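Notes follow the structure.
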Amino acid sequence: MKVYKFGGTSVGSAERFRALVPLINDDTQKIVVLSAMAGTTNALVEMSELFSDGKTNEARKKCEALRKQYHSVAAELFASVTWSDRANDLINEHFDYIAGLFSREYSRHNEKRILARGELISTALLHFFLSETGIDSKLLPALNFMRIDKDGEPDYFYIRENLKREMASLSDENILITQGFICRNVFGETDNLRRGGSDYSATIIGAAIGAEEVQIWTDISGFHNNDPRYVANTSAIRELSFDEAAELAYFGAKILHPSSVNPARLKKIPVRLKNTLDPSDEGTLITSESKPEDYKAVAAKDGIIVVRIRSDRMLQAYGFMGRIFDVFESFKTPIDMITTSEVAVSLTIDEPAYLPEIIKALEKLGTVEVEQEQTIICVVGDFRTGRVGSAPEIFEALDTIPVKMISYGGSDNSVSILIDTKNKIEALKALSNKLFPAK
Ligand code: ADP
Ligand code: ASP
Ligand code: MG
């Protein structure tokens, strides 16, 4: 069994919904994971922000504008009165629900309920459209099986058992449709896997059912060697290893959710990245095979904070580093990069939630400095220790850009460099010119 995930652009209009049918309608059984229509989650986030700021009239206006957009998609998608009436009823049900929440108190939980609407609507629309077209399909509600534990990690046992139960009631439908992104948390409340989380849903489901392959369908032909939003003339990489893809996704390649490679890597399930706008393109295949090349790709992760701790007590002392790590552990804040000298440690985090508390705790150990608006540039390639020549090329490319931290040797397949976010685009372009010169 395969898992197919279609992102926002792939369900972004009536025309895109129609284009999905030939991609999923064959005689094999598959789970189809859908995102919300392009732009919907952003609009729901904006509504929630207005709601949280007490601007409920403006939130309602946005809600009504989005409702109208959905009615016009339904008008274009459905040919029969029966199915367009059903679709319009469904759309109204969801938007009435959102509007109803605006009359209540804002809470994080109500916000998550609002954010879940996009995927609930897109999956129902595809199910209705297939029914109108005479193709059997079944909706598997993600909220009945997708669950995260107290640390926000997938609860595989729960997911497997509940997915099994959902699938036991199937007749002979080949197309099983479910929502990406949404899940329940440890309290059973509606929650989500963070922005871009439908990729993660797909690989979690793939791992839970031991899928033959997970296909991530998006709006570009595979994983590119640099960020196409900032750099021209990027090109697709045909094969990547799980480790390489995981590093690139974690360090900012938007094509994959940062955690989405992990479940596939765990169960060695191949992940194929495909383009709905050009389905015949082979895209990128991610497997456990690694084909070392000098340089494979570059990615950038923004929103990084550097924390520097200086203390003379570090000199020749043991246990100091342990105490620093304990602080981050107690605030459940992961560290991305770290460099040390005799009397100072610099490290980076991307989660500011507990920054004031972390600083306060670290000040007991030494002098603390913090810098925000930093970016980690990650270069993936062959950096096995003992090789010569790679580091100079990277630093030659960056010779006009102030480098703040370097992490080399922590991984065989990546090097990370910290710079100010304002220098990111220049750095990405310079690295492209040097590492991937036009042929
Ligand atoms: P979807 O809505 O299908 O999940 P996303 O917008 O999340 O699509 O991801 C696809 C986008 O990721 C591409 O359109 C591209 O702009 C961006 N992107 C960033 N880095 C890369 C990269 N290295 N390779 C391909 N796409 C990338
Ligand atoms: N709709 C969600 C988002 O926009 C999840 C996804 O598209 O993957 O973040
Ligand atoms: Mg995405």
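Residue numbers run from 1 in the order of the sequence given. Read the numbers this way: they start at 1 and go in the same order the structure lists the ligands and their atoms. Only a predicted model underlies this, so the values are computations on that prediction, with no experimental measurement involved.
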The answer for which part of His257 has a heavy atom under 4.0 Å from ligand 2 is neither
May I ask you to list the atoms of ligand 1 that are less than 4.0 angstrom from any heavy atom of Phe223? 23 (N), 24 (N)
With a heavy-atom distance limit of 4.0 Å, tell me whether Asn226 approaches ligand 1 through its side chain, its backbone, both, or neither. backbone
Checking a contact table here: which protein heavy atom is nearest atom 7 (O) of ligand 2, and how many Å away? Ser35 OG, 3.1 Å
With heavy atoms only and a cut-off of under 4.0 Å, state how Ile255 meets ligand 1: side chain, backbone, both or neither. both
min-distance protein heavy atom vs atom 6 (C) of ligand 2 -> Ser198 OG, 3.3 Å
Tell me if a side-chain donor or acceptor on Thr234 pairs with a main-chain N or O of His224 at a distance below 3.5 Å. no
Ser198 and ligand 1 - part of the residue with a heavy-atom distance under 4.0 Å: neither
The protein heavy atom nearest to atom 3 (C) of ligand 2 is Arg195 NE, 3.4 Å
Taking the six-membered ring of Phe102 as reference, does the NZ or CZ atom of Arg60 fall below 6.0 Å from its centre and within a 45° cone about the axis? no
Out of Gly252, Gly222, Gly12, Ala297, whose heavy atom sits nearest atom 25 (C) of ligand 1? Gly222
Side chain or backbone, does Phe181 bring an N or O within less than 3.5 Å of an N or O on ligand 2? no
Ligand 1 contacted by Pro228 (non-hydrogen, < 4.0 Å): yes
For the residue pair Val261 and Val271, establish whether any side-chain heavy-atom pair is separated by less than 4.5 Å. no
Is atom CG of Asp172 surrounded by more than 12 heavy atoms (other residues, nucleotides or ligands) closer than 6.0 Å? no
Considering all heavy atoms, the nearest Lys296-Leu240 contact: CD-CD2, 3.9 Å
Start with the C-alpha distance between Ser201 and Glu119, add both sets of side-chain angles, then the distance that settles side-chain hydrogen bond (donor to acceptor under 3.5 Å, both in side chains), and finish with yes or no. CA-CA 12 Å; Ser201 304; Glu119 275 70 13; over 6 Å; no
Counting heavy atoms not belonging to Glu373, are there more than 12 under 6.0 Å from its CD? no
If we only count N/O pairs under 3.5 Å, is Asp199 in contact with ligand 2? no
Number the atoms of ligand 1 from 1 as they appear, then name those within less than 4.0 Å of a heavy atom of Asp219, with their elements. 10 (C), 11 (C), 13 (C), 14 (O)
Is there a donor-acceptor pair under 3.5 Å between the side chain of Thr190 and the backbone N or O of Lys112? no
Within the structure, does Arg194 bring an N/O atom to less than 3.5 angstrom of an N/O atom in ligand 2? no
Please say whether the positively charged group of Lys301, taken as NZ for Lys or CZ for Arg, lies over the ring of Tyr250, i.e. under 6.0 angstrom from the six-membered ring centre and within 45 degrees of the axis. yes
Can you figure out which of His224, His257, Lys5, Lys254 has its heavy atom closest to atom 24 (N) of ligand 1? His224
Would you check whether Gly8 has a nitrogen or oxygen atom less than 3.5 angstrom from a nitrogen or oxygen atom of ligand 1? yes
Is Gly7 near ligand 2, meaning one of its heavy atoms is under 4.0 Å from it? no
Is the backbone of Ser241 close enough, under 3.5 Å, to the side chain of Glu244 for a donor and an acceptor to pair up by distance? yes
The atoms of ligand 1 lying under 4.0 Å from a heavy atom of Arg229, numbered in the order shown, are 16 (O), 19 (C)
Thr218: numbered ligand 1 atoms lying under 4.0 Å from its heavy atoms: 1 (P), 3 (O), 8 (O), 9 (O), 10 (C)
Considering only heavy atoms of Asp227, which atoms of ligand 1 have at least one such atom less than 4.0 Å away? 19 (C), 20 (N)
Any sub-3.5 Å donor-acceptor pair from Glu111's side-chain atoms to Ser48's backbone N or O? no
Which word best sums up how the rings of Trp83 and Phe128 line up, parallel for under 30°, tilted for 30 to 60°, or perpendicular for over 60°? tilted
Whether Arg184 side chain and Leu143 backbone form a donor-acceptor pair below 3.5 Å: yes
Contact (N/O only, under 3.5 Å) between Lys5 and ligand 2: no
Measuring from the heavy atoms of Gly8, does anything fall under 4.0 Å of ligand 2? no
